[in-house]
Peer 1: 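Take this structure, written in structure tokens, and hold onto it; I'll ask about it next.
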2 protein chains.
Amino acid sequence: MEDAVEALARKGPSSAEIADWIRTQIRSNRFVPGQRLVEVDIIRQTGGSRFKVREAYQRLAADGLVEIEEFRGAKVRGASMDEVRQLYRARAALEGLCAADFTERASKADRERLQEIAAAMEECVENERPEEFGRLNAEWHQLLMRGAGNMVIEQVVKRLNSPVHHLLFGTFYRGERLREAAHDHREILAAIMANDAAGAEKAMRGHVENGLKFLRELDEAVHFHS
Amino acid sequence: MEDAVEALARKGPSSAEIADWIRTQIRSNRFVPGQRLVEVDIIRQTGGSRFKVREAYQRLAADGLVEIEEFRGAKVRGASMDEVRQLYRARAALEGLCAADFTERASKADRERLQEIAAAMEECVENERPEEFGRLNAEWHQLLMRGAGNMVIEQVVKRLNSPVHHLLFGTFYRGERLREAAHDHREILAAIMANDAAGAEKAMRGHVENGLKFLRELDEAVHFHS
DNA sequence: GCGAACGAAATTGTCAACAATGTCGTCATC
DNA sequence: GATGACGACATTGTTGACAATTTCGTTCGC
């Protein structure tokens with residue numbers, strides 16, 4: 001039995017795989033907000049049938065990643081700065097809660113893993129490796145939500161991030177922002193380890209709000225949104 | 001120009017209309033968790049084409065209302081009690097935040113409207129009209145999120161509620177629970193009117209948690225979930 | 001009577017052709 | 001040169017037919 005590559009060659013990708021492929025393109029900025037997703041182009045590039053491509057569009061539309069207009073097809077949805085604000089407020093509330101819940105109910109193994117990742121991130125700061133930092137950061141936040149025993153929130157946050165996710169890689173974790181984020185993380189971790197749930201929640205909220213503040217400053221420099 | 005009925009007779013419903021129809025069926029308990037949604041049945045009952053029905057399924061699947069399995073079609077998704085817990089924790093965080101934001105940035109008109117609805121709900125408690133209470137309650141929560149200037153959260157909460165929404169009508173607001181909810185509302189409203197954002201947030205969180213507690217008790221009496 | 005193998009019916013997955021609509025360049029007119 | 005009507009092309013919407021798979025009742029062997 002071969003793996004996915006073989007299955008892909010035989011039968012073509014499933015609608016879920018096509019949706020993931022489009023997601024990747026959007027996140028890596030190869031598809032930019034406002035861009036039309038022409039069905040035949042996607043078919044050519046993925047090898048999927050038209051039917052599957054359209055199924056993929058529906059899923060992405062429900063995720064808020066693309067907009068579908070009748071007879072005009074799907075196009076990549078951009079987020080206004082105000083929407084980004086709302087989105088970050090929501091994340092602050094959700095991840096703040098998770099930080100508190102993690103403090104109260106995470107397993108010993110999860111707590112140790114959290115420290116490990118934090119240590120690895122510190123190294124990335126010293127050696128100026130923003131890509132690695134971004135990857136670890138995603139893992140860190142995910143572990144927090146999972147350790148808090150709330151996969152529903154994990155799913156929701158993943159969705160919320162979608163429209164701005166492409167910004168988070170590349171321009172986001174550089175220079176001062178890298179150090180700032182690392183500082184926030186230390187604060188959160190300290191509260192968790194001290195079993196201070198309320199403190200962890202507050203620190204996490206502040207961390208997310210800092211991310212928004214940074215995006216705001218970025219926005220004033222270059223208007224990236226539609 | 002006739003309205004939607006005429007358009008429906010001419011061209012059949014759009015996939016979004018079909019999705020809404022299915023949503024309604026699920027919420028009113030005519031479709032129960034685990035039930036298979038056979039395509040031809042939906043086609044017969046809505047008049048939509050098969051293609052549109054399947055598009056509707058994809059949307060509902062992304063919303064988490066139905067599950068799609070290959071060659072087995074779509075079936076209504078039920079939520080485990082643990083999932084309901086996670087869901088209510090998320091709601092508590094999000095609506096708590098909205099209560100705080102509403103306190104700080106809602107318009108005068110919104111604040112007055114909030115009082116109006118609260119007064120109408122009090123009447124419903126006195127006259128024991130749970131259906132009306134449920135309707136007003138939904139409006140009240142919605143106004144809070146909108147007045148807080150966060151439509152993203154409004155959308156997310158709507159989605160979060162989907163899997164348990166059918167429980168909220170009928171069995172939910174009756175007897176003691178009705179009075180308890182009204183009491184919570186008074187507390188929230190008082191904090192908002194006193195410009196106490198932190199107090200409003202705390203009260204709202206408590207209110208949502210009370211809803212969860214009630215669902216838990218209900219669950220121990222009858223195991224409604226799958 | 002019980003369970004496994006079989007097969008018809010029901011159901012979903014896929015595709016290709018055609019219809020409806022939008023898009024954009026062209027040309028006539030003022 | 002600007003403007004609007006027209007038409008060819010590009011793109012999406014819709015449908016029906018057929019293939020793949022599951023489901024369920026039947027039959028056969030024990």
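Each chain gets a letter, A, B and so on, in the order the sequences are listed, and its residues count up from 1.
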Peer 1: Could you tell me how far apart B:Lys75 (NZ) and C:dT12 (C1') are, to the nearest whole angstrom?
Peer 2: 15 Å
Peer 1: Not counting sequence neighbours, which residues clear salt bridge (Lys or Arg N to Asp or Glu O under 4.0 Å) with A:Glu201? List them please.
Peer 2: A:Arg205, B:Arg205
Peer 1: By salt bridge (Lys or Arg N to Asp or Glu O under 4.0 Å), which residues pair with B:Glu83, not counting sequence neighbours?
Peer 2: B:Arg77
Peer 1: In whole angstrom, give the distance that lies between atom CD of B:Glu39 and atom P of C:dT12.
Peer 2: 5 Å
Peer 1: Could you check whether B:Ile68 gets within reach of a base, just the sugar-phosphate, or nothing at all, counting any heavy atom under 4.0 Å?
Peer 2: nothing
Peer 1: Tell me whether the OP1 or OP2 atom of D:dT14 has a side-chain N or O from B:Lys52 closer than 4.0 Å.
Peer 2: yes
Peer 1: Once you round it to whole Å, what is the distance between C1' of C:dG13 and CD of B:Glu55?
Peer 2: 15 Å
Peer 1: What does A:Arg36 touch in the nucleic acid at a heavy-atom separation under 4.0 angstrom: a base, only the sugar-phosphate, or nothing?
Peer 2: sugar-phosphate
Peer 1: With a 4.0 Å limit, can you tell me whether B:Ser49 has a side-chain N or O closer than that to the phosphate oxygens OP1/OP2 of D:dT14?
Peer 2: no
Peer 1: For C:dC15, does either OP1 or OP2 sit under 4.0 Å from a side-chain N or O belonging to A:Arg50?
Peer 2: no
Peer 1: List in chain and number order the residues that pass side-chain hydrogen bond (donor to acceptor under 3.5 Å, both in side chains) with B:Glu67, two or more places apart in sequence or in another chain; answer none if no residue qualifies.
Peer 2: none
Peer 1: Tell me whether the NZ or CZ atom of B:Arg54 lies within the 45° cone about the ring axis of B:Tyr57 and under 6.0 Å from its centre.
Peer 2: no
Peer 1: With sequence neighbours left out, write down each residue that passes salt bridge (Lys or Arg N to Asp or Glu O under 4.0 Å) with B:Asp82, or none if nothing qualifies.
Peer 2: B:Arg85
Peer 1: Let me know the distance between CZ of B:Arg54 and C1' of C:dC15, rounded to the nearest Å.
Peer 2: 12 Å
Peer 1: Give the intermediate values and the outcome of salt bridge (charged side-chain N to carboxylate O under 4.0 Å, His left out) for residues B:Glu116 and B:Arg113.
Peer 2: CA-CA 5 Å; B:Glu116 276 173 35; B:Arg113 180 96 188 99; 3.0 Å; yes
Peer 1: Checking B:Arg159 now: which residues fulfil salt bridge (Lys or Arg N to Asp or Glu O under 4.0 Å) with it, not counting sequence neighbours?
Peer 2: B:Asp63
Peer 1: Return the value, rounded to whole Å, for the distance between atom CZ of A:Phe71 and atom C1' of C:dG22.
Peer 2: 9 Å
Peer 1: If the helix axis at each end comes from five base pairs, how far does the helix from C:dG1-D:dC30 to C:dC30-D:dG1 deviate from straight, to 10°?
Peer 2: 10°
Peer 1: What's the closest nucleotide to the side chain of B:Phe51 if the choices are C:dT14, D:dT11, D:dT14?
Peer 2: D:dT14
Peer 1: Round to a whole Å and report the spacing from CD of A:Gln58 to C1' of C:dG13.
Peer 2: 17 Å
Peer 1: Can you say whether a donor on the side chain of B:Arg72 sits under 3.5 Å from an acceptor on the base of C:dG13, or the other way round?
Peer 2: no
